[in-house]
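See structure below.
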Amino acid sequence: DVYKRQQVPNAVFAATGRNEFTEKQFNWYFPVYSDDVFVFTLRDRKITSDADLKALGKINVRRGSPFVAYLEKKGVADKIHETNDWVQGAQMLDAGRVDAMALTGLIGRTNIVDLQKVPEAQVNRYKVGDIGWFMVTKPGAVSADLEAFRKAMAAEKAKPAFQAVLKQFGVRP
């Protein structure tokens, strides 16, 4: 039952991004994929350099994400505008209320190109960092259930269809 599972070390896990800002918070148990962090703009707002980044107005970032730290490193902390989720940010970008948004490549392509129906040729992106997505656990012994899940995930990840999805969106296994 749920109560007994709460007593098992590492019975609870999640997939999250590994970077210098989250490194000490978890046991990084199993790598799923790696992705780049971009600032995305639409239409005629070209972005190919730090100077272009600094020339933007507001840059939307999902509240609580490590992307804030990447933007601070680029010297644009004063431009950060936080929202609760990426859908709200995409709607603000589409409406012109922010000039750009920070996302990983995989989420950004789905978010901006697919959700907003903007032709891909009109989407610009500029890399500001990189991130690895992992299954994470709390410190301690790994449970048998979690190890079984890791093996199943590894087998799924090795399939050509999974690899094709990663390649399609420009992320690395």
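Evaluation of the salt bridge (Lys or Arg N to Asp or Glu O under 4.0 Å) test over residues 66-77, restricted to residues two or more places apart or in two chains, returns E20-K73, D50-K74. Residue pairs meeting the side-chain hydrogen bond (donor to acceptor under 3.5 Å, both in side chains) criterion with at least one member in residues 90-101, sequence neighbours excluded, are R45-D99. Within the structure, salt bridge (Lys or Arg N to Asp or Glu O under 4.0 Å) contacts touching residues 76-85 (residues at least two apart or in different chains) do not occur. The list of ring-ring contact (aromatic ring centres under 6.0 Å, His included) pairs with a residue in residues 38-60, not counting sequence neighbours, reads F38-F40. Note on residues 154-173: pairs passing salt bridge (Lys or Arg N to Asp or Glu O under 4.0 Å), not counting sequence neighbours, are D36-R172, E156-K159.
Residues V128 and Y70 form a side-chain contact, since some pair of their non-hydrogen atoms from C-beta on lies under 4.5 Å apart. Residues R18 and I131 fail the side-chain proximity criterion, which asks for heavy atoms closer than 4.5 Å.
When all heavy atoms are compared, the tightest approach of A102 to I59 is N-CG2, 4.2 Å. Here the shortest heavy-atom pairing between V39 and A100 reads CG1-CB, 3.5 Å. Shortest non-hydrogen contact noted between T22 and G17 is OG1-O, 2.9 Å. A pairwise comparison of heavy atoms in G89 and V98 identifies O-CG2, 4.4 Å as the closest pair. For the pair F162 and V32, the tightest heavy-atom approach, listed with the atom from each and the gap, is CZ-CG1, 4.4 Å. The minimum heavy-atom distance linking F67 with L103 is given by the pair CE1-CA, 3.6 Å.
Within the model, atoms CG of D35 and CH2 of W133 stand 8.5 Å from one another, a figure rounded to the nearest 0.5 Å. Rounding to the nearest 0.5 Å places OH of Y126 at 7.0 Å from CG of L53. In this structure, T137 OG1 and R150 CZ are separated by 12.5 Å, a value rounded to the nearest 0.5 Å. The structure places CH2 of W28 at 12.5 Å from CE of M135, a figure rounded to the nearest 0.5 Å. Remark: F30 CZ to L146 CG distance equals 10.5 Å, nearest 0.5 Å. Going from atom CG of N124 over to atom CD1 of I47 covers 8.0 Å, rounded to the nearest 0.5 Å.
Remark: the backbone N or O of D130 is not paired with any side-chain donor or acceptor of S34 at under 3.5 angstrom.
A donor and an acceptor atom, one from each side chain of Q163 and Y33, are nowhere located under 3.5 Å apart.
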Show, in sequence, the C-alpha distance, side-chain angles and deciding distance for F134 and T16, and conclude whether the side-chain contact (heavy atoms from CB on, under 4.5 Å) test is met. CA-CA 6 Å; F134 280 69; T16 194; 5.7 Å; no
For side-chain contact (heavy atoms from CB on, under 4.5 Å), just list the numbers for M101 and V61, CA-CA rounded to whole Å, side-chain angles, deciding distance to a tenth of an Å, and then say yes or no. CA-CA 6 Å; M101 63 187 300; V61 180; over 6 Å; no
Worked check of side-chain contact (heavy atoms from CB on, under 4.5 Å) between R125 and I112: CA-CA 11 Å; R125 63 186 189 174; I112 294 172; over 6 Å; no
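Under the rule for a salt bridge (Lys or Arg N to Asp or Glu O under 4.0 Å), K58 has no partner lying at least two apart in sequence or in another chain.
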